[in-house]
Structure formats: C-alpha cells, structure tokens
Amino acid sequence: MSRPQEPHRPFFHFANPFRKNSHKGSQFNPKRHSLLNDFETALSKKLQKLVPNDKGDILSLSWMKLAMESLSEIHCDIKNLITELDLPVTEWDEKWMDVYLDISVKLLDISIAFTSELTRLNQGHLLLQYGLHKLESDSPELFSRASSSLDSWKQHIGSKNPRVETCRPILEKLVESLNLPKVKNSSKGKELMRAMYGAKVATTYICSVFAAAFSGSSKNLLDLTVPNTLPWAQVFSDVQNTVNVEIRNILSCGKFTVLRDLDAVDACVKELSTLLQDGVGTSERESFKNSVSDLRKTEEKLSQGLENLLKVVDSFFKIVLMGRDALLCNLRKAGGAVPDSVIGKNV
C-alpha cells in the first residue's frame, strides 16, 4: 500500500494521546466514568445526524460527506479520551495495541479504495465538460462529437474499479475485530475498550455503506448487532435500519448508480442522448437548450460534491495515519517492542 508523502503538519488541537504524562491516575476516579459518558453521548449525537429529515438525501454526496465527517470526529474524540484518561502507551496491554494498530491499517486500506473510486468518478468530469462545450456551441455539426463524449462518460462511469473489490474482505476483518478484548485489573482499560468498541461499530458500519454505494452491491452493506445495554445502541439501531432500508430500496430498482448526484447526471445524459439520436429540429430547440442547462447544473453539483467528499475522506485517512504513527513512535520512545501482529504492516 502506498500513499504520496506529504509534509507533516499539526492536524489536531489536542495533545498526543499516547504521550506519557507526568502524573499517575491508576486508582479509581469517578471522572473517568464521566469522560466515557461524554464520549458515548457525543457518539449518539453524531450517529443521530445520519438520519435526514428527507430519506431521499441518503447516498447523496452531501450526506456521505456528513457521514465521513462524523467518523473523523469520532476518531478525534477517541484520541482526546486517551489523553484525558491519562493512559500512556507504557500502560497499554499488548492486546489493546493489536486492536488499535490492526484496525488502523485496515482503515487506511479502505480509505485508499474510497479515494480511488472518488477520483475515478471525478475523472468523468472532463468528458462531460467536453460534451457540454460542443452542445453549448449550438452547432449541429458538433453534436455528433458531443454524443460520442456522453457515451464515453457512460462507459467510464459504468466500468469496475478493482480497488473497490478489496473492500469486502476488509469489512469482514473489521467485523471480526468487534469482539472486545478482555481487560483485567484496569478500569482505565475497560473504559477505553468500551469507547473504542463504539468507535469501531460506527466506523465499520459507515465504511460498509460507502462500500455498498461504490460497488452497487448490497453484499457490502452490514447489519450489525450491538448490546442493547450501551447508551448509544438504540440510536445506532435506528440509523442502521433507516439507512439500510433506503439503500436496499435503491439497489432493488436496478438503477445505473445508487449515488443520488451521479444518478441525476445520468438522467440528464439519457435525455440529451435521446434528443441527439432523434435529431434536434426547430420544435425541439427549446427543450434541447433546457436539457443542456440541466446537465450543466447537475454536472457542476456532482463535480463539487465529489471534490468535497474526496477532501473529507483524505482528512479521515490522515487522522487514522497520525494516530497510528503517534502510538508506534511513543512505543519506541518508551523502549517497548512493536507487537508481532503489526510488524511488516507499517505504512
């Protein structure tokens, strides 16, 4: 797995969560329970935001952007919690490190797959721009070139991305990781593992939604069961049920794509293709101009939506990568050994 190297810069407004602090907090402290409660309350609120007032917003690029931003915030909250629990890396059980590091490398892989697909979809922008340029020239002799460009866009968008095919095995591994490791003699550890469980459930589920949307397959859409004793369990269940029902409804329609913004562009392309095939006579000129205008508007919305979503997926990648790097760096500074399970997996 490779990723272009970028200069390191401060990305968070909080302290390194794996740094060893000067004070100890080993004995029971009610404040830790309050910290956990705060995390779980925030988790519930972030999940609740994923149920839109209009179900038609589900799988729009703006909704997917909100989902990925929520995921990034959850991971930032986990790092804050580690800092506030005063749990330096020297006090981490090796199993905790295995969980954190193993999940992080899978999230980096699946983020790269998402980035690859978003980039591929956005590459169709040039084909649409070329087609629109010819259509807006109002020169019938150029319409055949426009029609060819629209056909090329359709073929490009309909092609398969091998990267997306890697999501399914990654999701399976993420589901396996949801089993909580046993924590003995550490109230801090129990609180951390419980918080990480919530973050893992939200992460695994949202990643499955993205994988289903990009692959157009319900096989990637997960139905997770969580203990109903957790304060965020009901909210998560409501979100999962609402979103999954809507996505499966979309998939059952057999549409060209399940992405709302992409589907809107496809509808405009189909309409224009039909007009071009039948011929644009005097009586069809007004309808033709309106169709070209509609395609211009939907294409611009699609392009901007893909760019915005690409940015938040990249931000999520950086959050996961920096968290992983921080743990490995501080583990080495503390003189500890990197767990065998992650040797050879460093990004």
Shortest non-hydrogen contact from G158 toward F256: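 Looking at all heavy atoms of both residues, the shortest contact is N-CZ, 3.9 Å.
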Is a donor on one side and an acceptor on the other found under 3.5 Å between the side chain of [X] and the backbone of [Y]?
{"X": "D77", "Y": "L43", "value": "no"}
{"X": "N122", "Y": "L118", "value": "no"}
{"X": "H133", "Y": "L128", "value": "no"}
{"X": "T83", "Y": "K79", "value": "yes"}
{"X": "R163", "Y": "I112", "value": "no"}
{"X": "S60", "Y": "W63", "value": "yes"}
{"X": "S159", "Y": "H156", "value": "yes"}
{"X": "S147", "Y": "F143", "value": "no"}

[X] and [Y]: side-chain donor and acceptor closer than 3.5 Å?
{"X": "N308", "Y": "Q304", "value": "yes"}
{"X": "T203", "Y": "H75", "value": "yes"}
{"X": "N220", "Y": "S215", "value": "yes"}
{"X": "S116", "Y": "N161", "value": "yes"}
{"X": "N228", "Y": "Q234", "value": "no"}

Give the cluster check for [X] versus [Y]: same hydrophobic cluster or not, with ILVMFWY residues linked at side-chain heavy-atom distances below 4.5 Å.
{"X": "F236", "Y": "I74", "value": "yes"}
{"X": "L126", "Y": "V292", "value": "no"}
{"X": "L36", "Y": "L85", "value": "no"}
{"X": "I58", "Y": "V245", "value": "no"}

Contact check, side chains of S148 and Y130, non-hydrogen atoms, under 4.5 Å: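 Counting from C-beta outward, S148 and Y130 never come under 4.5 Å.
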Identified side chain to side chain contact (heavy atoms under 4.5 Å, CB included) counterpart of F39 within the set I78, L192, N80: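 Among the candidates, only I78 passes.
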Does [X] [atom1] have over 12 foreign heavy atoms under 6.0 Å away?
{"X": "K301", "atom1": "NZ", "answer": "no"}
{"X": "K297", "atom1": "NZ", "answer": "no"}
{"X": "R145", "atom1": "CZ", "answer": "no"}

Test of ring centre spacing under 6.0 Å for F210 and Y205: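 Ring centres of Y205 and F210 not closer than 6.0 Å.
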Inter- and intrachain pairs under salt bridge (charged side-chain N to carboxylate O under 4.0 Å, His left out), touching residues 242-251, at least two apart: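 Pairs touching residues 242-251 that pass the test: D223-R248, E246-R260.
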Electrostatic pair K173-D102, nearest N-O below 4.0 angstrom: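 The answer is no: the pair does not qualify as a salt bridge.
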